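Order of the sequence lines fixes the chain letters, A, B, ..., with proteins taken first and strands second; residue numbering starts at 1 for each chain. No experiment lies behind these values; they were computed from the predicted model shown.
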Amino acid sequence: MQEVLKKKSAEKRILAPRESRKTIGNINVQNPRMVCRNVDVYYDDKQAIRNVSIDIGRNEVLSMIGPSGCGKSTFLRCLNRMNDTIDSCRVTGEILFDGKDIYDSSIDVVPLRAQIGMVFQKPNPFPKSIYENVGWAPKIHGLVESKAETDELVESTLQKAGLWNEVKDRLDQPGTGLSGGQQQRLCIARAIAVSPEVILMDEPCSALDPIATAKIEDLIDELREQYTIVIVTHSMQQASRVSQRTAFFHLGDLIEVGTTENIFTKPSHQLTEDYITGRYG
Amino acid sequence: MSSVAKKPSTGASGGSGRERAIDIVNRRLAKRYRVEKRFRFYGLCSIIASVVFLAVLLTSIVGNGYTAFFQTYIKLDVALDATMLDRADPGGSDYQGIIKKSINKLYPEVEDRRSKRELYALFSSGAAFQLRNTVMENPDLIGTTVTLWVPADDDVDMLMKGHIKRDVPESGRRLSDKQLGWIDRLAVEDRIEKRFNVTFFTAGDSREPELSGIWGAVKGSFFTLLITLVLSFPIGLAAAVYLEEFAPKNLATDFIEVNINNLAAVPSIVFGLLGLAVFLNFFGMPRSTPLVGGLVLTLMTLPTIIIASRAALKAVPPSIREAALGVGSSKMQMVSSHVLPLALPGMLTGTIIGMAQALGETAPLLMIGMVAFIVDVPGGFTDPAAVMPVQIYLWADSPERAFLERTSAAIMVLLAFLILMNATAVVMRKRFEKRW
Amino acid sequence: MMSPLALLLALLLLSAAGYFIGRRKALYAADKAGGPNMLHSRPNYYGVLTALWCCLPAFFLFILWLAFEQSIITSLMVADLPPGLRNLPQERLSLFVNDARNLASGNIVSGEITAEMRAAAAHYVNLQGIGKMIAGVTVLVVAIAGMLFVHRHITPELRARNQVERAIMALLIFCSTIAIFTTIGIVLSVLYEAVRFFQQVPVTDFLFGLKWSPQMAIREEQVGSSGAFGAIPVFAGTMLISGIAMMVAVPIGLMSAIFLSEYANKQVRAVAKPLLEILAGVPTVVYGFFAALVVAPVIRAGGSQLGIDVSSESALAAGLVMGIMIIPFVSSLSDDVINAVPQSLRDGAYSVGATRSETIKHVLIPAALPGIVGGILLAVSRAIGETMIVVMAAGLSANLTANPLQAVTTVTVQIVTLLVGDQEFDSPKTLAAFALGLVLFVVTLFLNIIALTVVRKYRERYE
């Protein structure tokens with residue numbers, strides 16, 4: 001439900017046509033994992049993202065911040081083509097992954113999404129057991145074949161997600177029975193179970209209490225060693241805690257990109273400064 | 001990380017020696033897409049199957065039924081001999097005799113009794129009634145010769161429509177070679193032709209296919225539905241308004257809800273049993289009448305109407321209720337002047353759909369004796385009557401080939417009414433769809 | 001004498017008059033007290049109150065009269081019969097009364113018309129006339145009295161609106177309890193006759209007997225021909241046909257729903273959904289005709305091509321067509337529950353790289369399963385209670401067989417054949433229909449309640 005509402009609100013908050021604003025800061029990184037160039041996103045005729053170009057580096061956490069409706073979630077959903085499920089959505093420009101445009105007709109979304117996983121705003125575990133929540137996706141992809149392999153993968157994945165000790169005695173119970181924070185870590189476990197290379201997180205802590213949030217943030221920090229993580233957040237503290245680079249979006253434009261430290265200590269753009277100092281948001 | 005050969009490593013730290021997860025994924029992809037395609041194909045097949053069923057159903061009905069809208073008539077020159085007709089009392093004359101005489105004049109060579117009977121059998125017994133009506137309307141015709149197109153017997157009609165095959169041996173068909181010869185002569189003399197079947201739309205039921213029509217059933221359906229509508233709409237509306245707007249949440253209203261939802265799914269024949277036991281046997285109401293039929297159908301359609309009306313009321317946003325209460329109207333005034341008008345289109349749509357359901361319902365009406373053979377077109381709520389679906393059932397049971405096409409034609413008429421009603425409902429729903 | 005319709009019309013006119021009289025009285029009273037603002041309620045409410053008092057009690061009386069007219073008049077007539085007739089045994093007397101009544105209303109009489117009967121009929125007509133007259137007058141008098149009663153009480157202080165609203169509320173409550181009365185009516189009417197049946201045929205014989213041949217019971221004098229009322233073959237036939245129907249309807253209906261909600265684009269949906277709705281709107285008598293006219297002969301011909309003997313009233317034909325009838329039902333219920341599965345679950349599955357069919361099979365269907373099962377139970381209940389298709393396409397003889405190519409009979413077919421045509425009351429043959437009706441009602445009630453509870457719980461989970 002939440003997801004649908006979000007989509008709707010994104011569709012509504014579209015602005016009159018105008019020129020895109022230039023991005024301040026260095027969008028390039030060395031040896032990037034993903035490269036986005038001149039990305040525009042439309043819902044029907046209305047533009048939601050304007051000419052966004054940014055690199056996503058390896059083993060970094062990139063956070064995307066901005067006032068609500070700025071298009072950061074829309075942009076995130078473009079990165080693994082989750083926007084395909086919305087009929088009216090259209091994406092132009094280039095998003096390169098392994099040197100290939102993911103919107104190229106030759107690209108198949110199924111393996112793409114196996115490589116670029118996603119964690120959603122509201123925890124959405126499948127109505128299955130905890131074990132199956134983690135083991136299902138590797139099974140359909142053929143990453144595990146025997147029961148023993150699955151057991152091993154489920155255990156190692158849940159350990160990576162820091163959930164193993166809490167759930168090891170009740171793996172056969174439904175995932176929906178866990179607490180909110182546990183559910184979100186289960187969803188992260190579900191995403192990393194298929195060994196993705198990039199994990200997209202869409203405000204993963206917005207539905208959680210501070211303690212659960214802290215656990216997830218710790219987890220993100222650990223996962224950074226193995227994965228590239230892009231996280232959308234509305235909490236500037238969170239962005240400053242977990243990310244190395246930060247991108248600031250405003251009304252569909254990418255206003256400023258830089259190291260998290262720079263963005264939060266000496267922002268170059270007036271809008272960025274106003275936002276991080278809490279003038280609006 | 002362990003480095004079992006198959007075990008995938010995560011991408012970012014994936015070294016050259018180990019297999020990347022994506023390669024395993026890609027390897028299985030073709031197989032997964034085959035499954036995907038097959039699944040999608042099953043889905044498509046299901047839809048196509050449903051559509052094909054519908055198409056076969058409709059074409060078989062239309063294919064069987066369209067011929068019933070035309071009927072074979074024979075031209076007959078009838079001499080209205082003044083000696084056989086009493087000018088003072090034209091109603092009492094032997095019209096059957098006059099018709100027979102006219103037929104004899106057409107075939108003077110037919111003399112023996114058996115052949116004569118076979119000859120007369122080509123003409124419908126309705127010919128005499130038609131002649132009588134003609135004379136009664138215009139007694140001045142007596143003494144002249146009139147040319148009448150009288151209905152042919154259903155066997156002749158079936159022959160003309162190709163349902164009785166000539167190449168079958170004589171013993172295997174309902175018309176003898178002799179009769180075929182007579183019919184051929186009529187054809188040569190241009191005395192036989194198919195015309196639009198007015199009788200079908202103006203007559204009641206009859207044992208003779210060529211004289212039977214659905215007007216009686218249409219009127220019966222009309223009276224029955226009128227009763228149903230007059231009772232079920234206000235009651236359904238009142239019940240919905242109470243349950244949605246006023247009812248407290250307690251066990252009693254829960255019980256009412258369970259009852260309504262269950263009644264919506266109770267087999268219709270059970271309502272027939274209720275009607276038989278309560279309305280006929282207990283209250284002694286007259287059998288086979290639209291009154292009782294309407295009562296039974298009311299009970300049957302009420303749940304549908306209540307459920308639809310409640311949905312319509314639910315769709316009215318609470319802000320409107322708050323606004324009405326805010327200007328100081330009582331709850332009853334709020335409902336009657338603000339909520340009801342907004343919900344009314346939805347309620348009417350639900351009612352039309354309920355009425356369409358009632359129009360097609362047969363089983364409960366069988367229980368209350370609406371299967372009787374009724375020739376007269378009903379004139380009121382307490383006249384014995386048939387309704388359209390029951391007429392279809394009765395005709396479908398009749399052995400004559402000619403009733404087969406009439407059954408199909410009656411189904412076409414019934415479906416036309418149903419489509420009309422449902423289309424009205426759809427248009428209304430489109431027209432009044434939420435404006436807030 | 002006044003026909004009920006005319007009486008009703010008169011009542012309506014009186015109420016309309018009452019409305020204006022009451023309204024005027026209120027305005028008049030208000031004038032005297034110092035202007036229309038002195039009234040407690042708006043003048044219209046006084047009018048409505050007067051109209052209500054005028055028509056409600058009278059209407060209630062009118063309904064009572066309609067309900068009991070016949071029994072009152074009949075008992076009066078019986079009381080006036082010559083003593084010789086009055087002392088006849090109960091069955092003979094009721095037969096005589098029936099005949100006399102039929103004679104009076106111009107219907108066909110079963111036996112010979114005797115002079116006594118003619119006299120009784122004439123007396124009956126006479127009584128009917130007097131009764132109608134008395135009823136008419138009483139109803140009108142009560143109406144006027146009610147009107148006058150309120151009229152006297154109309155003062156500016158009278159809280160007319162509150163009273164009217166209370167009356168309307170009572171009416172609303174009454175209307176919503178009709179569902180309860182209907183259920184009670186069904187239970188009582190079916191139970192009452194069924195109990196009488198079970199007094200003649202033991203319950204265990206009925207529920208567990210293997211032979212069903214109720215037609216034998218017509219000739220009561222014959223020894224050993226009381227008919228056989230073992231309903232197992234009837235139940236088995238019902239289950240066979242319903243089973244075939246579900247085998248057709250569930251996969252096709254479910255897959256149609258899945259295809260329409262998950263695969264089809266807008267255009268396909270815009271075409272396919274109305275077509276399915278048409279399929280749902282076709283009356284069952286049409287399906288019955290279709291089964292008997294098209295499907296059964298095709299199956300029979302197909303069977304003889306293969307050298308298999310197929311009955312012309314095979315369970316297969318009836319079940320197949322019933323399945324077609326239920327497809328849209330299953331499909332629309334499944335469509336509802338599949339659409340109720342939150343989008344976030346689909347997103348979750350797609351985000352780990354599941355294909356559409358994997359998402360549907362492993363996430364959507366398990367999530368929607370309770371709702372789908374509830375829908376299927378409702379469909380089963382519908383199949384069991386379906387009447388016209390089986391009446392027209394299934395057989396009458398109760399064969400205990402699992403062979404779908406043979407003719408079997410069903411509960412509903414038996415109810416119809418036992419109750420249509422000439423009925424003898426109190427014969428086990430007629431009463432058996434009610435016993436079958438009781439079983440039908442109980443079974444479908446059970447299925448419905450489980451299904452509705454399951455579906456409601458399911459909806460609450462995702463709301």
Side-chain angles (χ1 to χ4, degrees), chain B residues 25 32-33 35-36 39-40 42-44 46-47 49-51 53-54 56-57 60-61 235 238-239 241-243 246 255-256 259-263 265-270 273-274 276-278 283-284 299 302-303 330 332 356 360 362-363 366-367 371 389 392-393 396 407 411 414-415 418 422, chain C residues 67 70-71 165 168-169 171-173 175-180 182-183 185-186 189-190 193 252 255-256 258-260 263 272 275-276 278-279 281-286 289-290 292-294 324 327 355-357 378 381 385 387-388 392 412 415-416 419-420 434 437 440-441 444-445 448-449 452:
Chain B
V25 172
R32 287 168 68 195
Y33 274 121
V35 175
E36 168 76 20
F39 188 78
R40 192 192 152 96
Y42 291 150
L44 190 62
S46 303
I47 288 285
S50 314
V51 175
F53 287 141
L54 182 65
V56 172
L57 177 77
S60 71
I61 301 279
I235 295 179
V241 165
Y242 176 72
L243 291 174
F246 297 106
F255 185 61
I256 295 178
N259 262 294
I260 291 173
N261 288 333
N262 177 54
L263 283 180
V266 160
S268 59
I269 193 170
V270 173
L273 290 176
L274 169 75
L276 173 63
V278 173
F283 287 124
L299 296 182
L302 255 183
S330 73
M332 191 74 79
T362 323
L366 300 184
M367 297 291 95
V371 274
I392 290 166
Y393 168 64
T407 313
I411 289 175
L414 176 62
L415 288 182
L418 287 176
N422 282 309
Chain C
Q70 200 180 20
S71 39
E165 290 189 349
I168 293 178
M169 190 60 102
L171 195 73
L172 294 186
I173 293 178
C175 286
S176 50
T177 51
I178 283 185
I180 295 180
T182 309
T183 308
I186 290 174
S189 58
V190 175
E193 310 278 351
I252 297 187
M255 285 306 290
S256 301
I258 287 172
F259 186 82
L260 284 181
Y263 284 105
L275 285 178
L276 280 176
I278 294 180
L279 208 55
V282 172
T284 54
V285 69
V286 178
F289 180 65
F290 179 65
L293 176 84
V294 179
I324 296 175
I327 288 172
T355 62
R356 253 175 218 269
S357 66
L378 280 181
S381 150
T387 309
M388 290 323 290
M392 295 170 85
T412 47
I415 294 176
V416 170
L419 286 183
V420 167
F434 285 91
L440 182 65
F441 180 70
T444 50
L445 178 77
N448 294 345
I449 286 184
L452 293 169

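At a threshold of 4.5 Å between non-hydrogen side-chain atoms, the residues B/Ile47 and C/Leu260 count as touching. Counting heavy atoms from C-beta outward, B/Val266 and C/Leu445 have side chains that stay 4.5 Å or more apart. Using a 4.5 Å heavy-atom cutoff, the side chains of B/Tyr42 and C/Ile258 are not in contact. Residues C/Phe441 and B/Leu273 fail the side-chain proximity criterion, which asks for heavy atoms closer than 4.5 Å. A heavy-atom distance below 4.5 Å is not found between the side chains of B/Leu302 and C/Thr182. Using a 4.5 Å cut-off on side-chain heavy atoms (C-beta onward), B/Leu276 and C/Phe434 make contact. Using a 4.5 Å cut-off on side-chain heavy atoms (C-beta onward), C/Thr355 and B/Phe39 make no contact.
With a threshold of 4.5 angstrom between heavy atoms, C/Leu275 approaches chain B through its backbone and through its side chain. Residue contact with chain C, scored on non-hydrogen atoms closer than 4.5 Å, involves the side chain of B/Leu415 exclusively. Looking at B/Pro389, both its backbone and its side chain come within 4.5 Å of chain C, counting heavy atoms on both sides. In this structure, chain C has heavy atoms under 4.5 Å from both the backbone and the side chain of B/Ile235. Heavy-atom distances place both the backbone and the side chain of C/Leu279 under 4.5 Å from chain B. For B/Asn262, the parts lying under 4.5 angstrom from a heavy atom of chain C are both the backbone and the side chain. Contacts of C/Ile327 with chain B are made by side-chain atoms alone, with heavy-atom separations under 4.5 Å and no backbone atom involved. The contact between B/Ala363 and chain C is made by backbone and side chain atoms together, counting heavy-atom distances below 4.5 Å. Only the side chain of B/Leu418 comes within less than 4.5 Å of a heavy atom of chain C; its backbone N, CA, C and O stay farther away. With a 4.5 Å cut-off on non-hydrogen atoms, B/Leu243 touches chain C through its side chain but not through its backbone. Residue B/Phe246 touches chain C through its side chain alone, counting heavy-atom pairs closer than 4.5 Å. Heavy atoms of C/Ile180 lying under 4.5 Å from chain B belong to its backbone as well as its side chain. Contact annotation for C/Ile415: both backbone and side-chain heavy atoms come within less than 4.5 Å of a heavy atom of chain B.
Closest non-hydrogen pair, B/Ser50 versus C/Ser256, comes out as OG-OG, 3.9 Å. The two residues C/Ser176 and B/Ile256 have their closest heavy-atom pair at O-CG2, 3.3 Å. Closest heavy-atom contact between B/Ser46 and C/Met255: OG-CB, 3.0 Å. For the pair C/Met392 and B/Ala396, the tightest heavy-atom approach, listed with the atom from each and the gap, is CE-CB, 3.5 Å. Across B/Ile260 and C/Ala179, no two heavy atoms sit closer than the pair CG1-CB, 3.4 Å. The minimum heavy-atom distance linking C/Val416 with B/Met367 is given by the pair CA-CE, 3.7 Å.
The environment of B/Tyr33 atom OH is dense: over 12 non-hydrogen atoms of other residues, nucleotides or ligands sit within 6.0 angstrom.
With sequence neighbours left out, B/Arg32 forms a side-chain hydrogen bond (donor to acceptor under 3.5 Å, both in side chains) with A/His141, C/Glu358. Partners of B/Glu36 according to the salt bridge (charged side-chain N to carboxylate O under 4.0 Å, His left out) rule, which considers only residues two or more places apart in sequence or in another chain, do not exist here.
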* Evaluate side chain to side chain contact (heavy atoms under 4.5 Å, CB included) for C/Phe290 paired with B/Val56, printing each intermediate quantity in order. => CA-CA 9 Å; C/Phe290 179 65; B/Val56 172; 3.8 Å; yes
* **From CA spacing to verdict: side chain to side chain contact (heavy atoms under 4.5 Å, CB included), B/Thr407, C/Leu293** => CA-CA 11 Å; B/Thr407 313; C/Leu293 176 84; over 6 Å; no
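Ranked by heavy-atom pairs under 4.5 Å with chain C, the list B/Asn261, B/Leu44, B/Ile61 is led by B/Leu44. The candidate from C/Ser189, C/Gly185, C/Ala272 with the greatest count of non-hydrogen atom pairs under 4.5 Å with chain B is C/Ser189. For chain C, the option among B/Ala277, B/Pro303, B/Ala238 with the highest count of heavy-atom pairs below 4.5 Å is B/Ala238.
To the nearest 0.5 Å, atom OG1 of residue C/Thr444 and atom CD1 of residue B/Ile269 are 11.5 Å apart. Rounding to the nearest 0.5 Å gives a distance of 8.0 Å between CG of B/Leu366 and OG1 of C/Thr387. The line from CG of C/Leu276 to CG of B/Leu54 is 8.5 Å long, rounded to the nearest 0.5 Å. Annotation: the span from C/Thr183 atom OG1 to B/Asn259 atom CG amounts to 3.5 Å, rounded to 0.5 Å.
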